[in-house]
Chemist: 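What follows is a structure written as structure tokens; I'll ask about it next.
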Amino acid sequence: MSIIVFAEIADQQFKKATLEAVTYAKMLAQKTNSSVVAVAIGNVSDAGLLGQYGANEVVTVAAADSFNAEVYSDILAQVAKDKAATVLVISNSYAGKSISGRVAVKLRASLATNVVDVPDTSAGFKVKRGVFSGKAFGWVNLDAAIKVLAITPNSFEPQNTGGTATVTAYSGSIAQAQTSVVSVNKVSGKIPLTEAEIVVSGGRGMKGPENWGMIEELANVLGGATACSKPVSDMNWRPHSEHVGQTGITIKPNLYIAVGISGAIQHLAGVSSSKVIVAINKDPEAPFFKAADYGIVGDAFEILPKIIAAAKAAKA
Amino acid sequence: MKNAYFCIPFQGISFMKILVCISVVPDTTTKITFTDNNTKFNTSGVQFIINPYDELALTKALDIAEPAGGTVTVIHVGGAESEPSIRKALSMGATDAIRINADATDAYFVASQIAAVAKTHAYDMILTGRESIDYNGAAVCSLLGEMLQIPSINVITKLDLDGNNVIVEHDIDGGREVLNTTLPFVGSAQKDLCEPRIPNMRGIMAARTKPLQVLEPAAAVSSGNYANFELPAAKSGVKLIDAENAGDLIQMLRNEAKVI
Ligand SMILES: Cc1cc2nc3c(=O)[nH]c(=O)nc-3n(C[C@H](O)[C@H](O)[C@H](O)COP(=O)(O)OP(=O)(O)OC[C@H]3O[C@@H](n4cnc5c(N)ncnc54)[C@H](O)[C@@H]3O)c2cc1C
Ligand SMILES: Nc1ncnc2c1ncn2[C@@H]1O[C@H](COP(=O)(O)O)[C@@H](O)[C@H]1O
């Protein structure tokens, strides 16, 4: 029996979400006495690294380099059959979401996306997943013999326990893609919002795009990513990829700093799972203060420089 | 090269048959609560709407089909209480509608039902929303792709056709990508694809008499069922920091909250 992990790679390194997925698989493997097999498709500089996080084996697949949902899901399903997999762990990233459904159908597996906790296996197999865009959680029973779980980034801390993995080359077939890539436009050097541990976010209270320098500076000093409220992206102050909330991206960082954002229910839906929330707003009645751990009432344009200075001083 | 494609929309398409999957969800302002010992979503007083992303999928489908003299069918898996939302889809311009009379909380079940219909209809294109804002599976698109053995492309922000050739731009982790595929395919709509259509009076009148077919569900295994729900733990209360000493926040985040 085995647990298969889809090991996502970016710039020839395993993504942090992959280390989380391997850690998750290891926790589950200990409960069910299985081995953890990671499948790494594409070039990666150190495939064996995943051993330190709990993988027993890393299957490397050289041929397919650019991501393709049909090809990747086919490879995963072949390895899963080959290794008698009972569970597949995939990150709930865009790439992960585009293959998890296809793999589930190929294996006639139960599928749960948006998973935020380790399964309850005391009676059957029950997982906790985010529903209603972060407004609630649901425990869902998965009945099929094989389960495909897409886990939300930042739900599990990667744990380096210092093990080793054998690295083997994939020997199955590689499907013919019906989709080809015309061009790719990656924002390089930036932490993807869904994976960021720290997020600094601005709302309409920031008055205009010209004032985002402060938001970016604070994010840079803290090593985080930037986000924004819906009206901010609607007005094109910021790219839509930064829009968080019920109709934007749902995020789960360790720290979310909301500046000049009122805290509307649709906004909170996407960010309320953050571990620690800081709200900065000039209106003491702003609803965000009810959802925050730390609050500062006042003018963002006076407060932000003070925080940036303190953060720089703390780093120095 | 890519721009050359985008300049010639829908060239050479004689007739398009498009299926759009519509889910019906609580209005975004809904305060979520549960009943029956936290085993059921409390629908009392809740206003239901077409899932916002599905309105984008429908609008795009109409923009493609109308100039080409094609048809757009909307399909929904759910109870009779969803019919006002289905009528709204018809008033936006859909040709006809299918409702599969079954409870839908599981993406696998929903996709199986839609696939069973699609298998007998030869649609050129199937569009869904990026995710339903209630159960958030973000799964129906890729499930359908595999069930129907066609390409599935998630989170589409731009979609153009040139004959059978499909050019889509979509979100990927940390950026965007342009893909090329051929009909038939299934795609999921993301913000930026288009602005949702608002039904006009003529559309609303016409929708009253458009065909809405109700089908009983095909036998399908559900892949999951909810045992219970829970609400996120409430915050213990906000700790206010004086604006004058805003810089103190950093020490608190470091020493107390331990997040930086
Ligand atoms: C269907 C639907 C879906 C939606 N989805 C989303 C979503 O996904 N994400 C989202 O964010 N919103 C969403 N919304 C919009 C949401 O309802 C709110 O309108 C929006 O979140 C408000 O954005 P904001 O807080 O930036 O702006 P505002 O509500 O205008 O708030 C600005 C805040 O800034 C404060 N402020 C002003 N000046 C200063 C200053 N100098 N210093 C400090 N504070 C200042 C004000 O006190 C105020 O609280 C959705 C709405 C609908 C109807
Ligand atoms: N009950 C349903 N009936 C028809 N289509 C649905 C239903 N539920 C979800 N969908 C479609 O699948 C998309 C993704 O839903 P989900 O996978 O549940 O997040 C939605 O945006 C709809 O287009």
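Treat the numbers as computed from the prediction; the structure is a model and nothing was measured. Protein chains get the first letters and strands the later ones, always in sequence-line order, with residue 1 at the start of each.
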Chemist: Of the backbone (N, CA, C, O) and the side chain (C-beta and beyond), which part of A:D293 lies under 4.5 Å from a heavy atom of chain B, both, or neither?
Modeler: both

Chemist: Report the residue from B:L240, B:I241, B:D242, B:V238 that forms a side-chain contact (heavy atoms from CB on, under 4.5 Å) with A:V297.
Modeler: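 One option only clears the test, and that one is B:L240.
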
Chemist: What part of A:E70 lies closer than 4.5 angstrom to a heavy atom of chain B: side chain, backbone, both or neither?
Modeler: side chain

Chemist: Side chain, backbone, both or neither: which part of B:E244 has a heavy atom under 4.5 Å from chain A?
Modeler: both

Chemist: What part of B:K235 gets closer than 4.5 Å to chain A, counting heavy atoms only: side chain, backbone, both or neither?
Modeler: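 Answer is side chain: those atoms of B:K235 sit under 4.5 Å from chain A.
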
Chemist: Using only heavy-atom distances, determine whether the side chains of A:K135 and B:T30 contain a donor-acceptor pair under 3.5 Å.
Modeler: no

Chemist: Side chains of B:L253 and A:V278: closer than 4.5 Å at any heavy-atom pair?
Modeler: yes

Chemist: Checking B:D171 against chain A: side chain, backbone, both or neither under 4.5 Å from a heavy atom?
Modeler: both

Chemist: Under 4.5 Å heavy-atom distance to chain B, tell me which part of A:K290 shows up: side chain, backbone, both or neither.
Modeler: backbone

Chemist: Over all heavy atoms of both residues, which pair between A:G138 and B:F229 is shortest? Give the atoms and the distance, please.
Modeler: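 Shortest heavy-atom separation between A:G138 and B:F229 comes out as CA-CD2, 3.7 Å.
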
Chemist: Looking just at side-chain N and O atoms, do A:Q266 and B:T28 make a donor-acceptor pair shorter than 3.5 Å?
Modeler: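 A pair is found: one side chain offers a donor N or O, the other an acceptor, under 3.5 Å apart.
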
Chemist: For A:I198, is it the side chain, the backbone, both, or neither that has a heavy atom closer than 4.5 Å to a heavy atom of chain B?
Modeler: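 A:I198 touches chain B through side-chain heavy atoms alone.
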
Chemist: Using non-hydrogen atoms only, which part of A:A309 is less than 4.5 Å away from chain B: side chain, backbone, both, or neither?
Modeler: neither

Chemist: Check whether any side-chain heavy atom of A:D143 lies under 4.5 Å from a side-chain heavy atom of B:N225, and answer yes or no.
Modeler: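 They are in side-chain contact.
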
Chemist: Less than 4.5 Å to any heavy atom of chain B: does that hold for the side chain of A:S241, its backbone, both, or neither?
Modeler: neither

Chemist: Which bit of A:A144 is near chain B, if near means a heavy-atom gap under 4.5 Å: side chain, backbone, both or neither?
Modeler: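 Contact with chain B: none, neither part.
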
Chemist: Any side-chain heavy atom of B:S142 sitting closer than 4.5 Å to one from A:I99?
Modeler: no

Chemist: Under 4.5 Å heavy-atom distance to chain A, tell me which part of B:V155 shows up: side chain, backbone, both or neither.
Modeler: side chain

Chemist: Less than 4.5 Å to any heavy atom of chain A: does that hold for the side chain of B:I150, its backbone, both, or neither?
Modeler: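 Answer is backbone: N, CA, C or O of B:I150 sit under 4.5 Å from chain A.
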
Chemist: Using side-chain heavy atoms (C-beta onward) and a distance below 4.5 Å, is A:V131 in contact with B:Y226?
Modeler: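 They are in contact (side-chain heavy atoms under 4.5 Å apart), so the answer is yes.
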
Chemist: Heavy-atom distance under 4.5 Å to chain B: side chain of A:K126, backbone, both or neither?
Modeler: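 Answer is side chain: those atoms of A:K126 sit under 4.5 Å from chain B.
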
Chemist: In terms of heavy-atom proximity below 4.5 Å to chain A, should B:L249 be classed as side chain, backbone, both, or neither?
Modeler: side chain

Chemist: Is any side-chain heavy atom of B:D173 less than 4.5 Å from a side-chain heavy atom of A:P192?
Modeler: no

Chemist: Would you please say whether a donor-acceptor pair under 3.5 Å links the side chains of B:Y108 and A:R108?
Modeler: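 Looking only at side-chain atoms, A:R108 and B:Y108 do not form any donor-acceptor pair under 3.5 Å.
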
Chemist: What are the two closest heavy atoms between B:G145 and A:R102, and how far apart are they?
Modeler: O-NH2, 3.3 Å

Chemist: If you look at every heavy atom in A:K306 and B:A246, which pair is closest and at what distance?
Modeler: CB-CB, 4.1 Å

Chemist: Under a 4.5 Å heavy-atom cut-off, does chain B meet the side chain of A:S274, its backbone, both or neither?
Modeler: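 A:S274 touches chain B through backbone heavy atoms alone.
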
Chemist: With a 4.5 angstrom heavy-atom cut-off, is it the side chain or the backbone of B:L143 that approaches chain A, or both, or neither?
Modeler: both

Chemist: Measure distances from B:F185 to the heavy atoms of chain A and classify the residue's part below 4.5 Å as side chain, backbone, both or neither.
Modeler: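 Looking at B:F185, nothing touches chain A.
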
Chemist: Chain B heavy atoms under 4.5 Å from A:E8: which part of the residue, side chain, backbone, both or neither?
Modeler: side chain

Chemist: Write down the atom of A:G248, the atom of B:Y53, and the distance for their closest heavy-atom approach.
Modeler: N-OH, 3.9 Å

Chemist: Heavy atoms, side chains only, cut-off 4.5 Å: are B:K191 and A:T247 in contact?
Modeler: no

Chemist: Does any backbone or side-chain atom of B:D134 lie under 4.5 Å from a heavy atom of chain A? Answer side chain, backbone, both or neither.
Modeler: both

Chemist: Yes or no on side-chain contact (heavy atoms from CB on, under 4.5 Å) for A:Y94 and B:N154, after CA distance, side-chain angles and deciding distance?
Modeler: CA-CA 8 Å; A:Y94 282 134; B:N154 287 351; 6.0 Å; no

Chemist: Please state whether the side chain, the backbone, both or neither of A:L222 comes within less than 4.5 Å of a heavy atom of chain B.
Modeler: side chain

Chemist: At a 4.5 Å cut-off on heavy atoms, which part of A:A109 comes close to chain B: side chain, backbone, both, or neither?
Modeler: backbone

Chemist: Quick check on the interface: out of A:K147, A:H243, A:E302, who has the most heavy-atom pairs with chain B under 4.5 Å?
Modeler: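 Among A:K147, A:H243, A:E302, the one with the most close pairs to chain B is A:H243.
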
